[in-house]
Chemist: 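My questions will all concern the structure given below.
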Amino acid sequence: MTTPRAVRVVTSSTEYDVRIGSGLLETIYEVVIRSAPKARRVHAIVDSGVPTQLVDRALEGIKAADLSVSRSEITPTEHVKITETWHEQITQAAAARLDRSDVILAIGGGIVGDIAGFVGASYRRGLHVIQCPTTLLAMVDASVGGKTGVNLKTPSGLLKNAIGAFHQPTEVVADIESLKSLTLRVFCAGLAECVKHSMLSADFGDAQLGSWMREHSNEILAQEADALAELVSRNVAVKAAVVATDETETSAGDMGRALLNLGHTFAHAIETLPGVRVPLGDTSCPIMHGEAVSLGLVAAASMSEDLGKTSGLIEPLESWLTDLGLPTRCEGLSDVDAILERMVHDKKASGGTIRFVIPTFEGSCRVIESPGDAPILKALEAIQA
Ligand code: GLY
């Protein structure tokens with residue numbers, strides 16, 4: 001057990017708490033009653049990967065508090081995160097007769113949280129969404145800050161998160177007990193977002209995040225409750241500090257929410273490319289989002305060095321990512337034109353120019369635009385197996 005903590009997220013439109021602790025899902029009814037006092041119905045959109053008993057206990061508690069509960073399930077993949085699934089889910093919310101005072105409860109990883117959040121943003125022009133992230137990646141990133149949405153199917157593949165809305169949750173409840181059900185690979189994928197935060201945290205109130213993570217990597221990898229609670233709280237605090245400056249990622253200049261895209265211009269292009277694989281033991285397997293972020297961080301560091309903005313960053317970063325069980329190389333990057341094409345179409349591109357976030361020194365990053373093909377190709381070489 002660990003002492004529960006809360007991190008306040010304050011944006012220009014609203015504010016809410018992210019609660020972090022062990023066993024919080026069992027008392028989720030308290031959060032529902034407090035944060036949506038007029039609610040009579042709760043519709044839970046549940047990730048099929050979350051152990052049934054965790055979900056059952058959470059929903060039994062809500063029923064015992066005299067609220068009507070309905071439930072639907074999603075088996076999450078990027079290919080399921082599309083408008084058809086959003087439509088199925090919103091149809092179920094309508095069948096459950098939710099009105100604007102009711103609650104969508106998202107229980108699961110980032111894909112389920114993004115779809116459920118978009119159902120909550122769009123059904124009847126918006127109702128309460130309580131996010132219950134159950135993966136590390138969803139706890140430290142996806143559930144916080146109100147980005148919701150789905151991928152767009154195009155003839156050349158999926159355009160990541162191209163359809164969506166900003167819709168802040170009413171509250172976020174991160175029950176670190178749920179991390180126990182993850183495979184080590186899925187847990188480690190979330191650590192890539194934590195490394196990302198540490199690479200920009202000096203500008204957002206936590207210059208020591210990276211050194212704390214390195215010092216406590218054994219406890220983190222052993223999933224000790226206190227270390228996990230501290231890891232999640234500090235990462236959420238960094239994310240909250242960034243979101244507070246620029247809720248809708250419209251800040252001009254090179255600061256603001258766009259910084260959270262560190263590693264993501266590469267990651268989104270790579271992870272949607274057919275045939276990209278990362279080493280796993282004696283074999284290799286299709287890449288996961290957090291793993292693509294790990295590669296994206298190395299690529300961004302390589303680009304920064306190539307542009308003369310930093311030096312000596314790549315090797316320590318690669319060895320840290322490797323120690324955290326994350327890949328720094330992948331197979332399947334030979335179709336460079338397809339990668340560049342995806343980068344141009346990425347929703348982070350602006351006016352046809354590709355934007356990258358690059359580290360400029362330990363704990364600090366900046367946005368750059370259109371660095372030209374040569375540094376991009378060199379960065380891709382740096383992560384090619
Ligand atoms: N995941 C990046 C953001 O929330 O802005």
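Bear in mind the structure is a predicted one, so any value in this text is a computation, not a measurement.
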Chemist: Just wondering, more than 12 heavy atoms not from R8 lying within 6.0 Å of its CZ?
Modeler: yes
Chemist: Of all heavy-atom pairs between A189 and M288, which one has the smallest distance, and what is that distance?
Modeler: CB-CE, 4.0 Å
Chemist: Check whether R342 reaches the backbone of T272 with its side chain - one donor and one acceptor, N or O, closer than 3.5 Å.
Modeler: yes
Chemist: For the residue pair S370 and T353, what are the closest heavy atoms and their distance?
Modeler: OG-CB, 3.1 Å
Chemist: Is a donor on one side and an acceptor on the other found under 3.5 Å between the side chain of T148 and the backbone of A165?
Modeler: yes
Chemist: Taking atom CD as the centre, does E84 end up with more than 12 heavy-atom neighbours from other residues, nucleotides or ligands that are less than 6.0 angstrom away?
Modeler: yes
Chemist: Might you work through the salt bridge (charged side-chain N to carboxylate O under 4.0 Å, His left out) test for E381 and K378, ending with a clear yes or no?
Modeler: CA-CA 5 Å; E381 252 170 51; K378 206 138 177 225; over 6 Å; no
Chemist: Considering non-hydrogen atoms only, spot the tightest contact between E177 and S22 and give its length.
Modeler: OE2-CB, 3.7 Å
Chemist: Please determine if K63 and E60 form a salt bridge, counting it only when a charged side-chain N lies under 4.0 Å from a carboxylate O.
Modeler: yes
Chemist: Compare all side-chain heavy atoms of M139 with those of V236 and state whether any distance is below 4.5 angstrom.
Modeler: no
Chemist: Taking the side chain as every heavy atom from C-beta outward, state whether L297 and K196 have any pair of such atoms under 4.5 Å apart.
Modeler: yes
Chemist: Quick one about S304 and T310 (side-chain donor to acceptor, distance below 3.5 Å, no hydrogens or angles considered), yes or no?
Modeler: yes
Chemist: Name all pairs fulfilling the salt bridge (charged side-chain N to carboxylate O under 4.0 Å, His left out) condition that reach into residues 220-240, sequence neighbours left out, sorted by first residue then second.
Modeler: R5-E230, D141-K239, D206-R234, E230-R234
Chemist: Are there more than 12 heavy atoms of other residues, nucleotides or ligands under 6.0 Å from atom CZ of R34?
Modeler: yes
Chemist: Looking at L259, is its backbone amide N or carbonyl O close enough to the side chain of R366 to form a donor-acceptor pair, meaning the two atoms are under 3.5 Å apart?
Modeler: no
Chemist: Is a donor from one side chain sitting under 3.5 angstrom from an acceptor on the other, for Q168 and E247?
Modeler: yes
Chemist: Examine distances only and state if a side-chain atom of S302 and a backbone atom of V298 form a donor-acceptor pair shorter than 3.5 Å.
Modeler: no
Chemist: Quick one: closest heavy-atom pair of V129 and A116, and the distance?
Modeler: CG2-O, 4.5 Å
Chemist: Counting N and O atoms only, with roles assigned by atom type, does the side chain of Q131 sit under 3.5 Å from a partner on the main chain of G113, one being a donor and the other an acceptor?
Modeler: yes
Chemist: Under a 3.5 Å threshold, yes or no: a donor from one side chain and an acceptor from the other, between T75 and S48?
Modeler: yes
Chemist: Please tell me whether S122 and W86 have a donor and an acceptor in their side chains that are separated by less than 3.5 angstrom.
Modeler: yes
Chemist: Would you say the side-chain atoms of H87 pair up with the backbone N or O of T83, donor to acceptor, closer than 3.5 Å?
Modeler: no
Chemist: Is a side-chain donor-acceptor pair under 3.5 Å present for E88 with T85?
Modeler: no
Chemist: For residues 166-195, pull every pair meeting ring pair (Phe, Tyr, Trp, His ring centres under 6.0 Å), keeping only residues two or more places apart or in separate chains.
Modeler: none
Chemist: Would you call the rings of H268 and H264 parallel, tilted or perpendicular, where under 30° means parallel and over 60° means perpendicular?
Modeler: perpendicular
Chemist: Is there a side-chain contact between I287 and I270 (heavy atoms, below 4.5 Å)?
Modeler: yes
Chemist: Less than 4.0 angstrom from a charged side-chain N to a carboxylate O is my criterion; do D56 and R71 meet it?
Modeler: yes
Chemist: So, R41 and S70: side-chain donor and acceptor under 3.5 Å apart, yes or no?
Modeler: no
Chemist: Does a side-chain N-to-carboxylate-O contact under 4.0 Å join D66 and R40?
Modeler: no
Chemist: Between I339 and L273, does the side chain to side chain contact (heavy atoms under 4.5 Å, CB included) criterion hold? Intermediate values first, please.
Modeler: CA-CA 8 Å; I339 296 173; L273 207 63; 3.6 Å; yes
Chemist: Run through I176, D175, N235 and flag the one making a side-chain contact (heavy atoms from CB on, under 4.5 Å) with I20.
Modeler: I176
Chemist: Of all the heavy-atom pairs spanning R257 and G145, show the shortest one and how long it is.
Modeler: NH1-O, 2.9 Å
Chemist: For the pair E305 (side chain) and L313 (backbone), establish whether a donor and an acceptor sit closer than 3.5 Å, ignoring hydrogens and angles.
Modeler: yes
Chemist: As a quick check of understanding, evaluate side chain to side chain contact (heavy atoms under 4.5 Å, CB included) for M213 and V195, giving each step before the final call.
Modeler: CA-CA 8 Å; M213 281 176 61; V195 173; 4.2 Å; yes
Chemist: Looking only at atom types and distance, does a side-chain atom of T77 sit under 3.5 Å from a main-chain N or O of V80, one as donor and one as acceptor?
Modeler: yes
Chemist: Linking I/L/V/M/F/W/Y whenever any side-chain heavy atoms sit under 4.5 Å apart, do L209 and L317 land together?
Modeler: yes
Chemist: As an exercise, state the distance from CG of L105 to NE2 of H43, rounded to the nearest 0.5 Å.
Modeler: 10.0 Å
